[in-house]
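Chain A is the first sequence line, chain B the second, and so forth, proteins listed ahead of strands; every chain is numbered from 1.
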Number of protein chains: 2
Amino acid sequence: MASLDTVFAALSDPTRRAILQMLLEDDMAVTDVAEPFEMSLAAISKHLTVLTSAGLISQEKRGRVKWCKLEPDALRDASIWMQSFGQFEAVNLDAFEAFLAKELPEENA
Amino acid sequence: MASLDTVFAALSDPTRRAILQMLLEDDMAVTDVAEPFEMSLAAISKHLTVLTSAGLISQEKRGRVKWCKLEPDALRDASIWMQSFGQFEAVNLDAFEAFLAKELPEENA
DNA sequence: CCCATGTTTAACCTATTGGTTGAAAGTTGG
DNA sequence: CCAACTTTCAACCAATAGGTTAAACATGGG
């Protein structure tokens, strides 16, 4: 599992965040990911490697084409980490459980 | 207002995240922030500058001592950005527990 | 079998990052 | 005033990041 280090580092680049936004719509081939950006395909390829290392996307080769797919699970740790600051005064598991029990009664995913 | 770039970049370093964790407890002087780390005070001073630029902390000088204060609001933009990925609006409790066990092994506040 | 297409690799460049040490600057107590 | 304390600055260094171009690799179609 990718570390918070790599996930946050991957998210710190605007090109990579834009790529993630695009992949939110649908899976895409590398060439199509690169198309809207004013940089070389090689640069985009590197960005995709970074995103893959962070676990934020996965890449599957079918034929000549490598498809990129969003993997939102990797964002979960980062999101949780932030919420421990943004929404809770301290990291208090009991309070968090109480909050969840009240707020998300059927959540079990 | 700090950009997502700077906020995520600031969060990508484990020393800086540890500092934020410490400041969650209480405001601290620079020297006290540095104490648990095995690096120079100057290095910590730089980390604090990065965190300040990202808006994640603020620093106020009182006498000789510069006090560091957590500014959790700065995480809001990043949090909002993440929530645009609808998949994890709802925090998974199991994931949260596993995350806490891994990230904060000895803290059970 | 060729050739075009899709993607990565290699080599390179520059800027930035994260660390060091040592000196400097501001502040306060005795 | 002076010495001690707190913090930053300056110069430096090695490693990494993000980009380039050109070549190489991989695959599918005619």
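- A nucleotide of DNA chain C counts as in contact with chain A when one of its atoms lies under 4.0 Å from a heavy atom; the first and last such, 5' to 3', are C:dA4 to C:dA11.
- Among pairs with a residue in residues 53-67 of chain B, those fulfilling salt bridge (Lys or Arg N to Asp or Glu O under 4.0 Å) read B:Glu60-B:Arg62, at least two apart in sequence or across chains.
- Interatomic distance, OG of A:Ser79 versus CG of A:Asp73, reported as 12.0 Å (0.5 Å rounding).
- For A:Thr6, the side-chain hydrogen bond (donor to acceptor under 3.5 Å, both in side chains) partners at least two apart in sequence or on another chain are A:Ser3.
- Sorted by residue number, the list of members of residues 6-13 of chain A with any non-hydrogen atom under 4.0 Å from DNA chain C is empty.
- Contact annotation: the side chain of A:Leu75 approaches that of A:Leu11 to within less than 4.5 Å [non-hydrogen atoms, C-beta and beyond].
- Under the rule for a salt bridge (Lys or Arg N to Asp or Glu O under 4.0 Å), the partners of A:Asp5 that lie at least two apart in sequence or sit in another chain are B:Arg17.
- Inter-residue side-chain proximity for B:Thr52 and B:Gln59 is flagged as met; some heavy-atom pair is nearer than 4.5 Å.
- We find the OG1-NE2 distance between A:Thr15 and A:His47 to be 4.5 Å, quoted to the nearest 0.5 Å.
- Residues A:Val50 and B:Phe8 fall into different hydrophobic clusters, defined by Ile, Leu, Val, Met, Phe, Trp and Tyr side chains chained together at heavy-atom separations under 4.5 Å.
- Residues from residues 49-60 of chain B placing a heavy atom under 4.0 Å of any atom in DNA chain C do not occur.
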For nucleotides 11-14 of chain D, tabulate all protein N/O to nucleotide N/O atom pairs closer than 3.5 Å, reporting atom names and distance.
none

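- Counting heavy atoms from C-beta on, the side chains of B:Val30 and B:Cys68 come closer than 4.5 Å.
- Using a 4.5 Å heavy-atom cutoff, the side chains of A:Ile19 and A:Leu23 are in contact.
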What does the list of N/O pairs under 3.5 Å between the protein and nucleotides 23-30 of chain D look like, with a distance for each?
from	atom 1	to	atom 2	distance (Å)
D:dT27	O2	A:Arg64	NH1	3.3

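- Rounded to whole angstrom, the span from the CG atom of A:Asp5 across to the P atom of D:dT16 amounts to 13 Å.
- The salt bridge (Lys or Arg N to Asp or Glu O under 4.0 Å) analysis of residues 39-54 of chain B, with sequence neighbours excluded, yields no pairs.
- Put simply, the side chain of A:Arg16 gets close to the backbone of A:Ala10: a donor and an acceptor are under 3.5 Å apart.
- The hydrophobic cluster containing A:Trp67, built from Ile/Leu/Val/Met/Phe/Trp/Tyr side-chain heavy atoms closer than 4.5 Å, also comprises A:Val65.
- Of the residues in residues 26-41 of chain B, those lying under 4.0 Å from DNA chain C by heavy-atom distance are B:Met39, B:Ser40.
- Rounding to whole angstrom units, NE2 of residue B:His47 and C1' of D:dT8 are separated by 15 Å.
- Under the 4.5 Å side-chain criterion, counting only non-hydrogen atoms from C-beta, B:Met22 is not in contact with B:Asp32.
- With sequence neighbours left out, the side chain to side chain contact (heavy atoms under 4.5 Å, CB included) criterion links B:Ser45 to no other residue.
- With contacts defined as side-chain heavy-atom distances shorter than 4.5 Å, the pair A:Leu51/A:Leu20 qualifies.
- At a threshold of 4.5 Å between non-hydrogen side-chain atoms, the residues B:Ile57 and B:Lys69 do not count as touching.
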